[in-house]
Amino acid sequence: MYYQYAEIPVGNGVIRGSAVMPEAGGKYPSVIFMHGFTVDSTGPNRFHLHFARRAVEAGFCCIRFDFYGCGESDGEFYEMTVGSEQRDAAAIMEWARKQPFVDAENLFLGGHSMGGLVTALVSPTVRPKAIFTWSVAMNMPYQAGWRTRTMKGPTERGWDIEGLELSRAYMEEVVLLDFQELAKDYPGDVLLVHGSADTDCPVDGSRILRHVYGDRARLHVIAEADHRMLSIPWREECYAVTLDFLKKHIC
């Protein structure tokens, strides 16, 4: 297993991440995985890191970056918006297509929660081979608004949300976005994975996207799983169904 670390200029700074692949010197089908709200590219309880390792075992290169204002990347959380994450995702796709270890004809995009939402929103523009979402946050305006009402604040720029500062600009932007309209023009195949017991972002969000994409989309519901899939069997099922989907789309 070979790691390559990278920085990509965006906005007023850089985002940082890594690509992990079976070995140096190869060219691999590749998957970009995007993290969710208030976390980073490692994921809750190493959720995303373990997926990257499974992807490498299956012969893929897996690319993960921290969004601007998150993890090891530049910026502060209050600078993060859905729009800034779409910008970051497009920059990561552009960077990946230029890397000698990436098979650009077999480049996939996916993410968890808000990362899944950003996947859906940016894909009509960046056109990955196929996309997948886990626990997609189609209710992001409600979810972010609910959390601000339960956290400390207000702060100078917005709200104290578990020790991070969520900006008013984030909320002002997200309530105006028509997620279904922005997502609908992606022409490729889509896998939607969701836990049946997700109370943060209920499975109805994935059902909405399945309706948006029509016959191009497949919904896989993991029985009893919560939003972060905090059980080994749930995560194993999530990884397996995702990698099976990706392998079937390699040309």
Side-chain angles (χ1 to χ4, degrees), residues 31-55 57-58 60 62 64 67 70 82 85 89 108-123 128 130-147 150-151 161-162 174 179-180 183 186 189-249:
V31 54
I32 296 168
F33 189 89
M34 299 190 292
H35 67 79
F37 189 64
T38 72
V39 295
D40 59 31
S41 60
T42 301
N45 294 21
R46 308 183 93 193
F47 190 17
H48 312 338
L49 173 64
H50 287 160
F51 172 68
R53 292 177 178 175
R54 293 300 179 85
E57 290 172 2
F60 289 85
C62 188
R64 294 171 298 124
F67 284 122
C70 302
V82 174
E85 293 201 353
F108 304 93
L109 184 63
H112 175 245
S113 191
M114 185 170 162
L117 174 63
V118 172
T119 295
L121 300 184
V122 77
S123 289
I131 65 174
F132 64 93
T133 68
W134 298 348
S135 312
V136 63
M138 288 294 285
N139 65 338
M140 203 64 228
Y142 168 80
Q143 175 62 212
W146 174 80
R147 291 177 73 174
T150 62
M151 299 297 168
I161 184 165
E162 299 174 348
V174 75
F179 297 154
Q180 296 179 58
Y186 176 65
D189 289 343
V190 180
L191 173 68
L192 309 164
V193 181
H194 221 115
S196 66
D198 187 342
T199 56
D200 294 330
C201 300
V203 68
D204 285 348
S206 283
R207 293 191 176 108
I208 289 169
L209 274 185
R210 183 176 60 177
H211 175 75
V212 168
Y213 294 125
D215 292 341
R216 302 191 306 280
R218 172 193 169 198
L219 172 60
H220 182 91
V221 178
I222 300 177
E224 301 182 0
D226 59 19
H227 183 65
R228 296 185 172 192
M229 302 192 192
L230 295 174
S231 176
I232 292 171
W234 299 339
R235 292 187 172 191
E236 292 295 334
E237 183 174 344
C238 180
Y239 298 155
V241 72
T242 302
L243 290 170
D244 182 65
F245 169 79
L246 295 177
K247 285 187 283 188
K248 286 178 178 177
H249 285 80

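For this chain, numbers begin at 1 and follow the sequence in order.
No donor-acceptor pair closer than 3.5 Å links the side chain of D244 to the backbone N or O of K248. With hydrogens and angles ignored, the 3.5 Å screen pairs a side-chain donor or acceptor of R216 with a backbone N or O of Y186. In this structure, the side chain of N139 engages the main chain of D200 through a donor-acceptor pair within 3.5 Å. At least one donor-acceptor pair under 3.5 Å links the side chain of R64 to the backbone N or O of S41. Remark: side-chain polar atoms of H194 are not paired, donor with acceptor, to backbone N or O of A225 under 3.5 angstrom. Checking side-chain atoms of D40 against main-chain N and O of T42 turns up a donor-acceptor pair under 3.5 Å.
Taking every heavy atom of both residues into account, L117 and A137 meet most closely at CD2-O, 3.6 Å. Heavy atoms only, all atoms of each residue included: A183 and L209 are closest at CB-CD2, 4.2 Å. Heavy-atom minimum distance, T133 versus G116: CG2-O, 3.5 Å. Pairing each heavy atom of V118 with each of A89, the nearest pair is CG1-CB, 4.0 Å. When all heavy atoms are compared, the tightest approach of A197 to E224 is CB-O, 3.5 Å. Nearest heavy atom pair, residue S123 against residue L109, reads OG-CD2, 3.7 Å.
From D189, atom CG reaches atom CG of D215 across 10.0 Å, with rounding to the nearest 0.5 Å. How far CD1 of I222 is from CZ of R235: 10.5 Å, rounded to the nearest 0.5 Å. Going from atom SG of C62 over to atom CZ of R53 covers 11.5 Å, rounded to the nearest 0.5 Å. One finds the CD atom of E236 at 10.0 Å from the OG atom of S231 (value rounded to the nearest 0.5 Å). Here the straight-line distance linking atom OG of S113 with atom CE of M138 works out to 12.5 Å at 0.5 Å rounding.
By the 30° and 60° cut-offs, the orientation of the rings of F33 relative to H48 is tilted.
H227 and D198 share a donor-acceptor pair across their side chains, judged by distance under 3.5 Å alone. Counting only N and O atoms by type, the side chains of H211 and Q180 include no donor and acceptor under 3.5 Å apart.
Side-chain contact between I131 and F108: absent, with no pair of heavy atoms (C-beta onward) separated by less than 4.5 Å. Using a 4.5 Å cut-off on side-chain heavy atoms (C-beta onward), H220 and E237 make contact.
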Evaluate the side chain to side chain contact (heavy atoms under 4.5 Å, CB included) criterion for residues S206 and L219: first the C-alpha distance (whole Å), next the side-chain angles of each, then the deciding distance (0.1 Å), finally the verdict. CA-CA 7 Å; S206 283; L219 172 60; 3.6 Å; yes

Derivation of the side chain to side chain contact (heavy atoms under 4.5 Å, CB included) call for W234 and D226: CA-CA 9 Å; W234 299 339; D226 59 19; 3.9 Å; yes

Check the pair H112 / H35 against side chain to side chain contact (heavy atoms under 4.5 Å, CB included), numbers first and verdict last. CA-CA 6 Å; H112 175 245; H35 67 79; over 6 Å; no

Please determine whether side chain to side chain contact (heavy atoms under 4.5 Å, CB included) holds for the pair L121 and V82, giving the CA-CA distance in whole Å, both sets of side-chain angles, and the decisive distance to 0.1 Å. CA-CA 9 Å; L121 300 184; V82 174; 3.7 Å; yes

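Not counting sequence neighbours, the partners of T242 by the side-chain contact (heavy atoms from CB on, under 4.5 Å) test are F51, F132, W134, L191, V193, C238, L246. Considering only residues two or more places apart in sequence or on other chains, D204 meets the side-chain contact (heavy atoms from CB on, under 4.5 Å) condition with R207. Contacts of F245 classified as ring pair (Phe, Tyr, Trp, His ring centres under 6.0 Å), with partners at least two apart in sequence or in another chain: H249.
In this structure, Y239 has its ring center no closer than 6.0 Å to that of H50.
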